[in-house]
Structure formats: structure tokens, C-alpha cells
Amino acid sequence: GYPMVSIKCSPHVLNKTVLLGDAAHAMVPFYGEGMNCGFEDCLVLNTLLEHHNIRTALSLYSAARVADVQAMCDLSMYNYIEMRDLVRSPLFRVRKWVDNLLHAAAPGLWIPLYTSIRFQRKLSYKECWSNKQWQDRVIDRTLVSGLLILSAALLAAVL
């Protein structure tokens, strides 16, 4: 087979050439967001062209899209690794359970990664990725704290 690759171009505009869609950010297909990213490129560029001259719009387009679509490339690769390796891990299942529990308890504050990407437009792809990293730190600390408390309780019961 062929290796899976992502393409992350920067800038998306050079001289008279504008890159949109897969030409600017081809990604592995494990989130199914490649076409949506391309449509979003068109939406962003069109909106900028409505409000700015072409030179300014193109410059703003590249600045607005590069970090976001590169984050989506990273998210797609992460989702591949998650599906390939992590779903079999008991620890991963516990983390997912905690993730869903926190979302049920505080849906406005805690949005699981997949939900933040697929079912809303409030967060950019870059913000979804940053939010996931923050949530990972919270869950890691929560699980470690829980294990320490449980260990201390078991040790106290034995002594």
C-alpha cells in the first residue's frame, strides 16, 4: 500500500496563485472533514472578497486559514491513530467514559473532541484541537488524583 500523508501548505497565497481545498491541505480521511475544509475555504475567501480589495482579501484568507486547516490535518491523523491503536485500550475506554460523563454534566463547558468538530461551528478546528489538549490534561490529572486517593484509602484500610 501507499503511505498516508497530509499536505500542509503555508502560505495559501503566493503572487497570483491561490490554494484552496486539497491543494492547500490534503489530509488523511479519518474525520471526513476534507471536503468541509475546502467548502470553508471558499466561504472564508468569499466573505473576505465581499469586504476587501482582492490583494487584502487574499492576504487575510491565507492568514485566517493556515493554522485552522493544519490543525484539521493533525486531528485527522490523531483520529486514525485513535481508531487504529487506542480504542482497544481499557484506559482509553475509561477516558472516553469520563469525557462523556463531563459532557453530560456540563455540556456548555465540556465538549468532547468528536462532538466539537462534527456537530457545531462555534469552535474553529484549531480551537477544537487546543480544547482537546486542555481536556486531556484535566482528565489525566483527574484519573491520577483518583488513583492516588484510592491507593491511600486501600493503604489506610490495610494498616
Side-chain angles (χ1 to χ4, degrees), residues 3-12 20-22 24-48 50-51 60-159:
M4 291 184 287
V5 297
S6 293
I7 296 173
K8 300 178 189 179
C9 295
S10 179
H12 289 185
L20 295 110
D22 283 353
H25 47 77
M27 62 191 71
V28 296
F30 297 103
Y31 247 114
E33 285 292 308
M35 187 180 294
N36 288 340
C37 282
F39 288 149
E40 197 169 292
D41 288 347
C42 296
L43 178 68
V44 169
L45 183 56
N46 186 60
T47 301
L48 291 168
E50 288 175 349
H51 296 96
L60 291 171
Y61 161 75
S62 188
R65 295 301 291 156
V66 169
D68 214 26
V69 297
Q70 288 183 0
M72 190 62 237
C73 287
D74 294 339
L75 284 162
S76 292
M77 187 58 75
Y78 168 78
N79 200 46
Y80 165 68
I81 292 166
E82 181 178 284
M83 290 188 306
R84 182 191 68 194
D85 297 331
L86 301 178
V87 294
R88 294 181 299 231
S89 163
L91 181 59
F92 177 79
R93 290 188 190 128
V94 169
R95 290 176 62 95
K96 280 295 190 186
W97 181 81
V98 171
D99 199 30
N100 290 328
L101 179 69
L102 291 170
H103 179 59
L109 176 65
W110 193 275
I111 304 170
L113 178 61
Y114 187 80
T115 303
S116 70
I117 291 172
R118 300 299 291 191
F119 302 111
Q120 61 84 41
R121 288 205 60 212
K122 292 187 296 186
L123 299 175
S124 68
Y125 295 126
K126 183 180 178 200
E127 291 168 323
C128 291
W129 185 238
S130 295
N131 192 51
K132 184 232 181 291
Q133 292 169 330
W134 169 78
Q135 289 176 339
D136 281 350
R137 287 190 302 274
V138 169
I139 290 175
D140 286 346
R141 290 176 185 150
T142 301
L143 291 175
V144 167
S145 298
L147 287 173
L148 288 174
I149 291 168
L150 181 61
S151 298
L154 290 172
L155 185 60
V158 170
L159 298 177

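Numbering of residues begins at 1 and proceeds along the displayed sequence.
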Please name the pair of heavy atoms, one in [X] and one in [Y], separated by the smallest distance, quoted to 0.1 Å.
X    : Y    : result
I111 : P107 : CG1-O, 3.6 Å
S10  : V66  : OG-CG1, 3.6 Å
L123 : S116 : CD1-CB, 4.1 Å
Q70  : C9   : NE2-O, 3.6 Å

Close side-chain approach of [X] to [Y], heavy-atom, < 4.5 Å:
X   : Y   : value
F30 : Y78 : no
R65 : E40 : yes
D41 : V69 : yes
N79 : V28 : no
F92 : D85 : no
M27 : M72 : yes
K96 : E82 : yes

Please round to the nearest 0.5 Å and tell me the distance separating atom [atom1] of [X] and atom [atom2] of [Y].
X    : Y    : atom1 : atom2 : answer
I139 : L91  : CD1   : CG    : 10.0 Å
C128 : I117 : SG    : CD1   : 5.0 Å
W129 : D74  : CH2   : CG    : 6.0 Å
L102 : L109 : CG    : CG    : 8.5 Å
L147 : L143 : CG    : CG    : 6.5 Å
M4   : S76  : CE    : OG    : 11.0 Å

Residues which pass side chain to side chain contact (heavy atoms under 4.5 Å, CB included) with Q135, listed by chain and number, not counting sequence neighbours: D99, W110, N131

Expected output: side-chain S62 to main-chain H12 donor-acceptor under 3.5 Å: yes

field: Donor-acceptor pair, side chain of T142 and main chain of V138, under 3.5 angstrom
entry: yes

Enclosure of [X] [atom1] (heavy-atom neighbours >12, cutoff 6.0 Å):
X   : atom1 : result
M35 : CE    : no
W97 : CH2   : no
R84 : CZ    : yes
K8  : NZ    : yes

- request: Start with the C-alpha distance between Y31 and Y80, add both sets of side-chain angles, then the distance that settles side chain to side chain contact (heavy atoms under 4.5 Å, CB included), and finish with yes or no.
  value: CA-CA 8 Å; Y31 247 114; Y80 165 68; over 6 Å; no

